[in-house]
Undergrad: 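Sharing a structure here in structure tokens format.
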Protein chains: 2
Amino acid sequence: MIIRKNRSKNGKKYRTPDGVPADIVMFTLTKRERKTVTKTLPIRELKVMLIRRRSWPYAGMWALPGGFCRENESIYDAAKRELKEETGVDGGHLEYLGVYSAPGRDPRGWIISNAFYALVEEWMLEHRQAADDAEEVGLFTIQEALEKLELAFDHRDIIMDAYRKIQHQMLQTTIAKQFLPEHFTLSELYQVIQTVVPEFKEPNFIRKITSTRSRRGILEEARDENGKPLSSNQYSQRPAQLYRFTDHIPLLSIYT
Amino acid sequence: MIIRKNRSKNGKKYRTPDGVPADIVMFTLTKRERKTVTKTLPIRELKVMLIRRRSWPYAGMWALPGGFCRENESIYDAAKRELKEETGVDGGHLEYLGVYSAPGRDPRGWIISNAFYALVEEWMLEHRQAADDAEEVGLFTIQEALEKLELAFDHRDIIMDAYRKIQHQMLQTTIAKQFLPEHFTLSELYQVIQTVVPEFKEPNFIRKITSTRSRRGILEEARDENGKPLSSNQYSQRPAQLYRFTDHIPLLSIYT
DNA sequence: TAAATAGTGTCTCTTAGACATTATGGT
DNA sequence: ACCATAATGTCTAAGAGACACTATTTA
């Protein structure tokens with residue numbers, strides 16, 4: 001390991017970091033049809049994408065996709081680039097998570113990782129076999145990733161933090177839209193929320209979302225060009241009204 | 001500027017960063033007594049602490065306190081250390097804000113800054129003249145800092161982001177406690193919230209905070225050892241009940 | 001007693017929450 | 001006709017929001 005030093009204003013020499021990578025916790029919601037006699041919602045599962053490391057350190061273990069930031073790009077750009085290079089995903093929702101800098105977290109040296117999380121739709125992963133040359137990639141449920149796999153570096157911590165953050169965001173923002181088509185039924189929305197936050201229970205969900213003043217504005221009914229309400233019976237016998245997110249996100253306060 | 005290079009797994013050489021500092025947006029709430037004939041709440045103002053740079057780059061301009069992370073500490077530790085070294089503050093609330101990595105943001109080289117924000121009480125700043133040797137420090141309102149001062153680096157962006165985040169947190173978490181004594185009146189709490197988030201208006205604040213089920217639990221009445229309610233007439237003629245924060249923070253959702 | 005802030009009464013309209021009921025279309 | 005899911009009806013208790021009113025202390 002080469003130790004590089006930098007000179008500070010008071011003349012002391014300090015080592016500089018050996019690299020600042022961006023690591024990406026890439027979530028997707030898989031959709032699997034249920035074999036039932038009648039139409040029904042598909043089974044959805046939250047999955048995280050991991051890559052099996054081929055070289056030292058942690059060779060053979062699963063790790064987050066990522067790579068070093070270059071001098072002429074921001075860390076966000078690096079994350080976007082690595083997401084594309086390593087998983088073939090170009091697009092989707094990419095957001096900053098946090099910095100991971102505990103001394104000794106990377107045996108290669110002093111490496112300060114910036115973590116991101118990405119939310120992508122399942123179809124964006126279709127070409128991942130082509131995109132990654134010889135990298136073994138896998139989709140795992142959060143439970144598998146956290147409990148069954150041995151993960152490289154501090155990536156277990158990062159995944160836990162990302163999972164907590166996405167749960168939080170699912171309830172407080174409209175990121176659910178990242179996992180839904182432009183138009184969706186309220187049952188679909190409810191299922192997406194519950195898939196990410198299993199504790200979420202709201203018996204009167206449909207009514208509350210459609211008929212209370214404080215929630216008016218986060219969704220609107222989907223309509224065709226003539227203003228006629230759009231509905232779908234893809235997942236049910238009786239057609240369900242389709243909705244879309246507006247760009248309004250209500251502000252919440254614990255005091256009001 | 002010395003360009004340092006690192007060798008990646010495929011043999012290419014990459015430059016490594018010249019430093020990863022922690023910069024701190026230090027907020028405090030100043031309290032100034034009003035000269036009135038009767039007792040009244042003091043005037044509170046949200047202030048941010050800045051340091052005047054003495055050397056290149058941006059010599060003479062105001063900047064956030066901060067400094068380079070060392071190899072045997074985490075970035076959080078670096079922030080804590082710099083907060084103490086540069087402002088004399090040891091304690092208070094220190095939380096991560098984000099990473100600032102736009103190419104060219106620092107003329108000294110490739111420098112990726114991690115920003116924190118700190119909330120400290122006014123008395124913690126009393127010894128700052130002693131703590132900083134010859135550094136000129138100043139406390140400014142957000143408006144002064146953002147509109148009147150020329151700030152070094154991208155520190156204006158950082159302060160704006162920190163301000164937005166503290167406003168958000170003030171409404172969604174109980175960080176108000178960082179600006180209040182252990183026991184406080186509801187008027188004080190209301191004033192603190194409004195000082196940080198001027199848009200916050202809640203005519204029935206006292207009633208809502210004390211008598212609605214969903215808010216029960218974030219505050220509790222302060223009582224002495226005999227269980228008798230504590231009150232204070234420090235800021236008013238009629239004594240006001242004192243409250244304290246519990247450690248409960250309610251979870252909010254835009255859907256419920 | 002006047003002033004100032006703390007805190008409660010009261011009224012109306014909306015919402016929460018729980019269940020029951022009706023609606024729609026496919027098998 | 002039956003089933004599954006969509007959507008509405010209904011009822012009670014709680015909360016929002018506005019405003020008036022009472023309470024407690026000091027000058």
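Quick note on labels: first sequence line is chain A, next is B, and so on, each numbered from 1.
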Undergrad: For the pair made of CZ in Phe184(B) and P in dT5(C), what is the distance, rounded to whole Å?
TA: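 Phe184(B) atom CZ is separated from dT5(C) atom P by 20 Å.
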
Undergrad: Any salt bridge between Glu122(B) and Lys47(B), counting N to O under 4.0 Å?
TA: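 Salt bridge between Glu122(B) and Lys47(B), a charged N being under 4.0 Å from a carboxylate O: no.
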
Undergrad: With ring centroids as reference points, do Tyr117(A) and Tyr163(A) lie under 6.0 angstrom apart?
TA: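 No, they do not, as the ring centres are separated by 6.0 Å or more.
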
Undergrad: Find the distance Asn204(B):CG to dG9(C):C1' and express it as a whole number of Å.
TA: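 One finds 12 Å between C1' of dG9(C) and CG of Asn204(B), rounded.
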
Undergrad: Any donor and acceptor pair, going by atom type alone, linking the side chain of Glu33(B) with main-chain N or O of Pro42(B) inside 3.5 Å?
TA: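 It does not hold such a pair.
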
Undergrad: Which whole-number value in Å describes the distance from Glu221(A) CD to dA6(D) P?
TA: 15 Å

Undergrad: Please state how far atom OH in Tyr190(A) lies from atom P in dT5(D), giving the value in whole angstrom units.
TA: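 Rounded to the whole Å, the gap is 14 Å.
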
Undergrad: Tell me: OH of Tyr243(B) to C1' of dA6(C), nearest whole Å?
TA: 10 Å

Undergrad: Calculate, to the nearest 0.5 Å, the distance between atoms OG1 and NZ belonging to Thr256(A) and Lys201(B) respectively.
TA: 14.0 Å

Undergrad: Would you say the side chain of Arg207(B) and the base of dG15(D) hold a donor-acceptor pair, judged only by whether the two atoms sit under 3.5 Å apart?
TA: no

Undergrad: Between residues 31-43 of chain B and DNA chain C, which residues have a heavy-atom gap below 4.0 Å?
TA: Thr38(B), Thr40(B)

Undergrad: So, the side chain of His155(B) versus the backbone of Ala63(B): is there a donor-acceptor pair under 3.5 Å, distance only?
TA: no

Undergrad: Rounded to the nearest Å, what distance is computed from the CD1 atom of residue Ile206(B) to the P atom of nucleotide dC21(D)?
TA: 19 Å

Undergrad: Can you tell me if the side-chain N/O atoms of Ser187(B) get under 4.0 Å from OP1 or OP2 in dA6(C)?
TA: yes

Undergrad: Any side-chain to backbone donor/acceptor pair from Glu45(B) onto Arg32(B)? Under 3.5 Å, distance only.
TA: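 No, Glu45(B) side chain to Arg32(B) backbone: no donor-acceptor pair under 3.5 Å.
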
Undergrad: Write down the distance between CG (Leu189(B)) and C1' (dA6(C)), rounded to a whole number of angstrom.
TA: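 Computing the Leu189(B):CG to dA6(C):C1' distance gives 15 Å.
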
Undergrad: Exactly one of Thr28(B), Thr141(B), Ile142(B) should register a side-chain contact (heavy atoms from CB on, under 4.5 Å) with Leu46(B). Which one does?
TA: Ile142(B)

Undergrad: Over how many whole Å does the gap from Phe205(A) atom CZ to dA16(C) atom C1' extend?
TA: 15 Å

Undergrad: Would you jot down, in residue-number order, the residues of residues 232-242 of chain A having a non-hydrogen atom under 4.0 Å from DNA chain C?
TA: Asn233(A), Gln237(A), Arg238(A), Pro239(A)

Undergrad: Please check this pair: side chain of Gln178(A) against backbone of Ile175(A), looking for a donor-acceptor N/O pair closer than 3.5 Å.
TA: no

Undergrad: If the cut-off is 4.0 Å, is Lys201(B) near the phosphate of dG17(D), judged by side-chain N/O to OP1 or OP2?
TA: no

Undergrad: For Ser236(A), does its backbone N or O pair with a side-chain atom of Asn233(A) as donor and acceptor, under 3.5 Å?
TA: no

